[in-house]
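Indexing begins at 1, ligand by ligand and atom by atom, following the structure's order. For this chain, numbers begin at 1 and follow the sequence in order. This is a predicted model, so every value here is computed, not measured.
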Amino acid sequence: MPENGNALDISLLPDSARIKNGRLSIAGVDLLDLASQYGTPLFVYDEQYLRDRCKEAVSAWGEGVAYASKAFLSKAMARLAYEEGMSLDVSTGGELHVALAGGVPAENLVLHGNNKSDQELITALEVGVGRIVVDSFDEIDRLVSLAKNYPPPKVLVRVTPGVEAHTHEYIMTGQQDSKFGFGFASGEARQAVERLQQCASVELYGIHCHIGSQIFMLDSFVKAVDILADFIKEFALPEFCIGGGLGVAYVEGEKAPSITEWAFAVKDACAKHNIPSSIKITAEPGRSIVATAGITLYTVGTIKKIPNIRTFVSVDGGMSDNPRPVLYGSGYEVFLPREVDAPRPMKTTVVGKHCESGDIIVKDAQVPDDLAVGDILATPVTGAYGFSMASNYNRLPRPPIVFVKDGQARLVVRRETFDDLLRNEV
Ligand code: LLP
């Protein structure tokens, strides 16, 4: 966070960001105009940026690379990722439903989940999802038996390699002590593969691992390859998937590797271990596809100055549209789209409108000193795990989503209404 009061580092904005007379446009669309047309809070996505990241993923990893839809899913996003050549990773029946509704063919879907229900497995088999990643012995039992009534699904075995990636404890998944996957060191991964080799109702197709999320150090992925290489070679299944997890820069001073650099590092590690090129190396990026494409717009409702202590700036959303600061202590920048290039000398705490003190969006936020009630305030890099983890806490309707491209805005998810909040009441 810039203690020095610098203007926003514009590398945190999507590529099509332009500043004219201080005002920010994305893809030729003025953000303040969007706020007045659609209201706030509002999620705005640079559509071309999303497409470019999908294209980059496909060219870096090759066919079979899947967008991890948990990062941000709507029908429009599902369709976009598919149009750009990606498969989609879905981890619940709900994500599966939305992806299919978005027009993604089932064969381009990869089903995940550490506790898939019978119904989720049956739906996956019925529609014919392309790949199922199995996570436990219980699931193998269920899948092997359910699959007898269907053409054999392609199955990958999720292995926890025992890598502790440098990230928040809640989003680390590669360590031994994890609810996910089959332990490598314990020999469970081997047992799972050997068991599936005996099962005619499924087609054993690959090895999968996912070591965590928001990872900046490519070494962590290389370490996973180092651990699994002999195992991968021994069974020589058609696919090895390294999962997702590539980090993105959220605040000034952070620097993340590109998707291309990530793929290069993993493929290079595989080549060094002589993993044959007949084995397809794939991945499942989520955050790195969508995070920087998204910006959230809020309206400032109140400013409370407590002399010598703190200034609270309250906006019209909060932990219901961005729970990441509360859950993981994640940092964000804030800026005013009316003067993006203005210095931000004033230290404030930007909070939401929920009924708890933990409802913080940015604890130490630097803002321009003319910030006033009624201003539109923006948080960049909110395209991942914001909308997808949004809630109706305090019965706040969830914000709409607008895609901008070539000077046009299109609403892809409308704002929830108060009646939507009553929709399921009986
Ligand atoms: N593959 C699997 C099996 C995953 O579990 C995940 C994320 C991904 C791929 C995509 O990872 P990504 O490329 O987005 O890092 N809510 C947290 C992140 C949770 C990630 C869960 N799994 C956050 O807001 O930081």
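For atom 9 (C) of ligand 1, the choice among E284, Q214, R324 with the nearest heavy atom turns out to be E284. Among K70, M389, R158, H112, the residue whose heavy atom lies nearest to atom 2 (C) of ligand 1 is K70. Across the listed options A68, G245, C241, G245 owns the non-hydrogen atom lying nearest to atom 11 (O) of ligand 1.
Using a 4.0 Å cutoff on heavy atoms, S288 does not count as a contact of ligand 1.
Under the salt bridge (charged side-chain N to carboxylate O under 4.0 Å, His left out) test applied with E84, the options R79, R53, R51 reduce to a single match, R51. The side chain to side chain donor-acceptor pair (under 3.5 Å) with S314 is formed by just one residue from the set D359, T349, T302; it is T302. Between F72 and the options Y67, Y45, Y385, a ring-ring contact (aromatic ring centres under 6.0 Å, His included) holds for only Y45. A side chain to side chain donor-acceptor pair (under 3.5 Å) with E416 holds for exactly one of R398, R395, R423; it is R398.
Of all atoms in ligand 1, listed by their number and element, those nearer than 4.0 Å to a heavy atom of P285 are 13 (O). Every atom of ligand 1 is numbered from 1 in the order shown, and the set under 4.0 Å from a heavy atom of G286 is 12 (P), 13 (O), 14 (O).
For H210 and H112, the ring centers are positioned 6.0 Å apart or more.
Ion pairing of E47 with R410 is present here, as a side-chain N (NZ or NE/NH1/NH2) and a carboxylate O approach within less than 4.0 Å.
Under 4.0 angstrom from ligand 1, the non-hydrogen atoms of Y328 all belong to its side chain. Contact annotation: for D89 versus ligand 1, heavy atoms closer than 4.0 Å belong to the side chain alone.
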